[in-house]
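Notes follow the structure.
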Amino acid sequence: MRVATQKLTSQFPLPLLGNNSESKLPESDFNQICQLIIQQLTALLPTVAIWTVYHDLTKGKRHLVAEYLSENLCSVQVTPACLPSYFVSGQSNLDFTSLQAETWWREDFPVLKIMELAASDFYHSYVCRISKQSVTTAEYLLICTSKLLSDEQQNLLLNNAQILSNYLAMYRERSHQQQEIAALSQALGQAEHQLRNPLALINLYAENLRLALPQGDLQEQASLIRQTVDELSAKLTDLLYRGQQANLNFKKHNLQTIIGECIKTLQHLLKEKELKINYPEKPVYVTVDNWQMKQVFDNLLSNAIHFSPRGGTITCNWYAYSNEVLIEICDRGSGIVPEELKQIFKPYYSRRLGGTGLGLAIAQKIILAHQGNLWAENLPEGGAQFSFTLPFKHRK
């Protein structure tokens, strides 16, 4: 049992994802997880047939990932009749009709508990429900074996079903996040239309003032207004388009340099509340879009400053692993209400009086575009912690 778990988690490091990060897995990778689990179980158990079924939210269909290992093969391919064939290897002459029809399924099946089915006199069947979200949709791991499984073997099956359930929850949350990101992109597109014309008018009026004013301070102030409007327009363009992965300018940057520049821009807020920010002295280089990553740190640090008590300390740490770096930003404020943990990354949801509710949603959009993960949690000693991962190398 330990060997199977280590083999899987070494390729997909669950511990780095945190308690509230069940979110970060594309559907194609989830199928890879299913295949890995099936391969491990067929190597360790007396398997005749094994499959897992889950619901693909994007396509609105249930998918099957299966393998059949009967020694006596024939031309009848075994595929549950109610499901599309997604990944099936092997053929069998055994009678799987009742299992294929899912007539054995009951809505009151408990989640993550091994249930033995009386399906055949030739083999033994075990099913484990893996979905906590759906009451009526059958999502499960099923295995047919040539002999009864011992308690230890059933624990091995349950352990792998637990891993599959975790990744299914991550995939489901990822799909939900992508829908919210799409809604955010649409809202930002509407904001662009509403802001472009006023910015252009301000720019025009500032230029008219500059031309009409004599040389001196007033003319310089008019020029400064024009320059500021140009910068706002450029940042608006970056916000709308450079967040798309294809347009990100990936280069190797030192996290120390990025956070140091962000602290400079936030210095007036830090002085006002007599706060300090501690971060590691050891440099860590990651491949990121520098401007976009500054937006992430600006949003997370300004959020930490707002909720930190006067005279406190904000701590930023990072930990390098083989393929990615984990960054943590901790404050010593009152923490996040449990109900809000599920809401804080949604567009227009804000805990700050007068806040737009876009800062954390934009930060999450940027991190996802960098192929990383962002989540929040409360610290046992008090305060909140925002964590995100970044791969060392951008995967095209």
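No hydrogens, no waters, no symmetry mates; every other heavy atom, side chains included, goes into these values. Numbers here simply count residues along the sequence, with the first being 1.
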Subject >> By side-chain hydrogen bond (donor to acceptor under 3.5 Å, both in side chains) - contacts of Gln219 (at least two apart) >> reply: none
**OP:** Please list, chain by chain and in numerical order, all residues satisfying ring-ring contact (aromatic ring centres under 6.0 Å, His included) with Tyr279, sequence neighbours excluded.
**Re:** none
Original post:
Which residues pass the salt bridge (charged side-chain N to carboxylate O under 4.0 Å, His left out) test with Glu207, sequence neighbours left out?
Top reply: Arg210, Arg226
Original post:
When you look at CD of Glu381, are more than 12 heavy atoms from neighbouring residues, nucleotides or ligands closer to it than 6.0 Å?
Top reply: yes
Original post:
What residues, two or more places apart in sequence or in another chain, satisfy side-chain contact (heavy atoms from CB on, under 4.5 Å) together with Thr313?
Top reply: Lys276, Asn278, Thr315
**OP:** Say whether, by atom type as modelled, one donor and one acceptor occur between the side chain of Ser150 and the main chain of Gln153 under 3.5 angstrom.
**Re:** yes
**OP:** Please lay out, stage by stage, how Glu261 and Lys294 fare under the test salt bridge (Lys or Arg N to Asp or Glu O under 4.0 Å).
**Re:** CA-CA 8 Å; Glu261 293 175 352; Lys294 284 181 181 178; 2.4 Å; yes
Original post:
Got a sec, which residues hit side-chain hydrogen bond (donor to acceptor under 3.5 Å, both in side chains) with Asn254, two or more places apart in sequence or on another chain?
Top reply: Gln256
Subject >> With Ser308 via side-chain contact (heavy atoms from CB on, under 4.5 Å) - residues at least two apart >> reply: Leu275, Ile314, Asp331
**OP:** Assess the pair Trp104 and Tyr140: is the distance between their ring centroids shorter than 6.0 Å?
**Re:** yes
Original post:
Going only through I, L, V, M, F, W and Y residues with side-chain contacts under 4.5 Å, is there a path from Leu218 to Leu204?
Top reply: no
**OP:** Identify the heavy atoms of Thr389 and Ile367 that sit nearest to each other, and give their distance.
**Re:** O-CG2, 4.1 Å
Original post:
Sequence neighbours excluded, which residues qualify as side-chain hydrogen bond (donor to acceptor under 3.5 Å, both in side chains) partners of Glu340?
Top reply: Tyr349
Listing, residues 297-305 side-chain donor-acceptor contacts under 3.5 Å, not counting sequence neighbours, or none:
unit_1	atom_1	unit_2	atom_2	d
Asn299	ND2	Gln295	O	3.1
Asn299	ND2	Gly359	O	3.1
Ser302	OG	Asp298	O	2.7
Ser302	OG	Asn299	O	3.1

Original post:
Looking at CD1 of Ile366 and CH2 of Trp291, how far apart are the two atoms once the value is rounded to the nearest 0.5 Å?
Top reply: 7.0 Å
**OP:** Look at the side-chain heavy atoms of Ile, Leu, Val, Met, Phe, Trp and Tyr, link any pair under 4.5 Å apart, and say whether Leu112 and Phe30 land in one connected group.
**Re:** yes
**OP:** Determine yes or no for a side-chain-to-main-chain donor-acceptor pair under 3.5 angstrom, with Thr47 supplying the side chain and Ala49 the backbone.
**Re:** no
Original post:
For the residue pair His370 and Phe250, is the inter-centroid distance of their aromatic rings smaller than 6.0 Å?
Top reply: yes
Original post:
What pair of heavy atoms forms the shortest contact from Ile38 to Glu67, and how long is it?
Top reply: CG2-OE1, 3.6 Å
**OP:** Would you name the heavy atoms of Leu99 and Ser125 that are closest together and state the gap between them?
**Re:** CD1-OG, 3.7 Å
**OP:** For the pair Arg332 (side chain) and Ala384 (backbone), establish whether a donor and an acceptor sit closer than 3.5 Å, ignoring hydrogens and angles.
**Re:** no
Subject >> Heavy-atom pair with the smallest gap, counting every atom of Ala161 and Cys128 >> reply: CB-SG, 3.6 Å
**OP:** State, yes or no, whether a side-chain contact exists between Trp375 and Phe388 at a heavy-atom distance under 4.5 Å.
**Re:** no
**OP:** Determine whether Val325 and Tyr319 make a side-chain contact, defined as any pair of heavy atoms from C-beta on separated by less than 4.5 Å.
**Re:** no
**OP:** Answer with yes or no whether the hydrophobic clustering places Trp318 together with Leu379; edges join I, L, V, M, F, W, Y residues whose side-chain heavy atoms lie under 4.5 Å apart.
**Re:** no
Subject >> Residues which pass ring-ring contact (aromatic ring centres under 6.0 Å, His included) with Phe109, listed by chain and number, not counting sequence neighbours >> reply: Trp105
Subject >> Closest heavy-atom pair and its distance - Glu139, Ser131 >> reply: OE1-OG, 2.8 Å
Subject >> Members sharing Leu201's hydrophobic cluster (side chains within less than 4.5 Å) >> reply: Tyr205
**OP:** Mind jotting down which residue pairs meet the side chain to side chain donor-acceptor pair (under 3.5 Å) criterion with at least one end in residues 264-273? Sequence neighbours excluded, please.
**Re:** none
Original post:
Looking at Thr228, Asn208, Asp230, which hits side chain to side chain donor-acceptor pair (under 3.5 Å) with Asn203?
Top reply: Asp230
**OP:** Under the side-chain contact (heavy atoms from CB on, under 4.5 Å) rule, collect the residues that match up with Ala361, sequence neighbours excluded.
**Re:** Leu184, Pro347
Original post:
Looking only at heavy atoms, which two atoms of Tyr285 and Lys252 are closest? And how far apart?
Top reply: CB-CG, 3.7 Å
Original post:
Is Ile225 reachable from Leu213 through a run of hydrophobic residues whose side-chain heavy atoms are each under 4.5 Å from the next?
Top reply: no
